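Working notes, beginning with the structure itself.
Remember, predicted model here, so these are calculated numbers, not experimental data. Just so you know, ligand 1 is whichever comes first in the structure, and atom 1 is the first atom listed for that ligand.
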Amino acid sequence: MTKTKIITTGGAGYIGSHTAVALQEAGFEVVLIDNLSNSNEEVVHQIAKITGTTPRLEKVDLCKEQEAFACFQRHQDAMGVIHFAALKAVGESVAQPTRYYHNNLVSMLHVLEAMQKHNIPNLIFSSSATVYGQPDQLPVTENTPLQEAASPYGQTKQMNEVMIRDAVHAGEIPQAISLRYFNPVGAHDSALIGELPIGIPNNLMPFITQTAIGIRKELAVFGGDYDTPDGTALRDYIHVMDLAEAHVQALQFQLEGKQNEKYDIYNLGTGVGSTVLEVIHSFEKTSGRKLPYRIVDRRPGDVAMIYANVDKAAKSLGWRTQRDLDEMTRTAWKWEQYAREKMGS
Ligand code: NAD
Ligand code: UDP
């Protein structure tokens, strides 16, 4: 039987590679489109080791019009596109806004144009909780008003959502879903794929694992005087495999014709917040290591607290997270220990 083909842009990256595994395990044929600007070609073999199938990798820069269109033409039989490809470092986006606007907006335009040209009917987009800023009420639902984004990166997520919404409402593409991720962490249990931050990590979990393995001296905990249970900032961490499985369920929902709103939005989190100290304690428990850390000043632009209401995804998609914080820190640590040498980095 022919498998349903799905294009994943940015499919060689952190979330894309885990989603490729989940898609292949669910019986889809997966094509990865990636310019490898923040990923490694080796990931294709790692996905094959996990699933038994090597996905096709198209080394294409989606900002290059001819390259991008030619690639979509080769795969015009695809039934859906999951658009992960983007530059994602918040601080870097403040320093290099034009590069971020160019990459994240032009690639999105080309995806929309190519889908329209080849009648590819379904789109799923990687959005982010960053679109909510510091909301007045917690937990945040999909109807919580958006706030002006604090960074060019956040602006591109808001703008991308608008571009998709308008394209759908005008009938240029039949239907789309934006998934607003909260804080994705952890790795596949095999430790064959995971997150590979380039340089000094900005995010908490890779900074913790790099500190524990000795690459960094100590973790700076940004802020100990927030109005939270222990004074450190609170986030809704979600295991990357739970996130990956949400993409499969959202796609199946679309393919089965169950999407009532032509453009729909879902929060993807656990619904439970954890403070920085709770993450550290979970890490110490699952790794058996003491983590050197020091509480320092707040990081500019950080919100005190945010966590998701995930009722909508549970009700419509039938999706719920399966993995808790200990599973997140355990797999992140396993990946840090075993994976770097395997990925040749
Ligand atoms: P990642 O950097 O690991 O993956 C993104 C991939 O896109 C990379 O492999 C990169 O090479 C590729 N890419 C970038 N620009 C491209 C272009 N012009 N053409 C082709 N490929 C290109 O990042 P990730 O963590 O897997 O994030 C995936 C998506 O999820 C991104 O859109 C990101 O903004 C979003 N997101 C991530 C997080 C997070 O914390 N990781 C949170 C919320 C949303
Ligand atoms: N954080 C920290 N030290 C670090 C990195 C992050 O204390 O080295 C905190 C950060 O202030 C935030 C939480 O960890 O409260 C998650 O930060 P991350 O950058 O991973 O995600 P964000 O929610 O900012 O997108």
Side-chain angles (χ1 to χ4, degrees), residues 8-19 32-41 43 57-64 67-68 71 82-91 93 99-100 102-108 110-111 125-131 150-151 153-154 156-157 160 178-185 193-198 200-208 210-211 216 218-224 226 228 232-238 240 243-244 247 268-269 273-277 279-280 293-307:
T8 61
T9 73
Y14 172 44
I15 301 168
S17 57
H18 288 79
T19 304
L32 319 179
I33 301 182
D34 204 300
N35 65 357
L36 303 177
S37 60
N38 196 34
S39 48
N40 187 322
E41 200 167 337
V43 79
L57 171 65
E58 294 275 13
K59 284 181 248 170
V60 165
D61 185 341
L62 288 165
C63 291
K64 295 190 177 147
E67 240 180 77
C71 181
I82 308 183
H83 183 49
F84 297 102
L87 296 174
K88 63 162 183 176
V90 174
S93 81
R99 180 170 161 242
Y100 268 68
H102 183 91
N103 192 75
N104 293 2
L105 301 184
V106 174
S107 58
M108 180 85 250
H110 289 159
V111 167
F125 170 62
S126 299
S127 191
S128 167
T130 187
V131 299
S151 70
Y153 167 73
T156 69
K157 290 294 167 196
N160 278 177
S178 287
L179 299 176
R180 293 180 179 157
Y181 311 158
F182 279 64
N183 286 59
V185 295
I193 52 173
E195 189 177 8
L196 272 179
I198 293 171
I200 302 172
N202 292 306
N203 295 114
L204 179 63
M205 194 64 85
F207 207 105
I208 287 178
Q210 289 195 8
T211 304
R216 315 272 156 220
E218 69 177 4
L219 170 74
V221 174
F222 298 135
Y226 285 111
T228 59
T232 63
L234 181 143
R235 297 287 182 277
D236 188 341
Y237 298 93
I238 173 170
V240 66
L243 194 60
H247 289 77
L268 296 181
S274 304
T275 64
V276 177
L277 289 181
V279 177
I280 293 173
Y293 71 87
R294 193 159 46 95
I295 296 181
V296 301
D297 287 347
R298 295 178 179 191
R299 181 169 67 177
D302 271 357
V303 300
M305 270 214 278
I306 184 164
Y307 59 100

Should Ala68 be listed as contacting ligand 1, given a heavy-atom distance under 4.0 Å as the test?
-> no
Heavy atom of Arg180 under 4.0 Å from ligand 1?
-> no
Does Leu219, backbone or side chain, put an N or O under 3.5 Å from an N or O of ligand 2?
-> no
May I ask you to identify, for Tyr237, whether its side chain, its backbone, both or neither come under 4.0 Å of ligand 2 on a heavy-atom basis?
-> side chain
So, is Asp34 polar-close to ligand 1, with some N/O to N/O distance under 3.5 Å?
-> yes
Of all protein heavy atoms, the one nearest atom 22 (P) of ligand 2 is Asn183 ND2, 3.6 Å
Should you measure from each heavy atom of Ser128, which atoms of ligand 1 turn up under 4.0 Å away?
-> 43 (C), 44 (C)
Please identify which atoms of ligand 1 are closer than 4.0 Å to at least one heavy atom of Pro184.
-> 38 (C), 39 (C), 40 (O), 42 (C)
Nearest-neighbour protein heavy atom for atom 7 (O) of ligand 2, which is reported as residue plus atom name and distance | Phe222 N, 2.9 Å
Near-ring test His247/Tyr181, centroid separation under 6.0 angstrom = yes
Got an N/O contact under 3.5 Å between Asn203 and ligand 1?
-> no
Asn38 N/O under 3.5 Å from ligand 1 N/O = yes
Is the closest N or O pair between Lys88 and ligand 1 shorter than 3.5 Å?
-> yes
Does Asn183 have a heavy atom less than 4.0 Å from any atom of ligand 1?
-> no
So which bit of Lys157 gets within less than 4.0 Å of ligand 1, heavy atoms only: side chain, backbone, both or neither?
-> side chain
Given Leu196, Ile15, Asn160, which one has a non-hydrogen atom that is nearest to atom 37 (C) of ligand 1?
-> Ile15
Using a 4.0 Å heavy-atom cut-off, say whether Leu36 meets ligand 1 through its side chain, its backbone, both or neither.
-> backbone
Under 4.0 Å between heavy atoms, the region of Ser127 that gets near ligand 1 turns out to be backbone
Shortest protein contact, atom 9 (C) of ligand 2 (heavy atom only) = Val276 CG2, 3.8 Å
Leu204 N/O under 3.5 Å from ligand 2 N/O = yes
Under 3.5 Å: donor-acceptor pair, side chain of Asn38, backbone of Leu87 = no
Which ligand 1 atoms, with their elements, are less than 4.0 angstrom from a heavy-atom of Leu62?
-> 17 (C), 18 (N), 19 (N), 20 (C)
Could you find the nearest protein heavy atom to atom 31 (C) of ligand 1 and give me its residue, atom name and distance?
-> Phe84 O, 3.0 Å
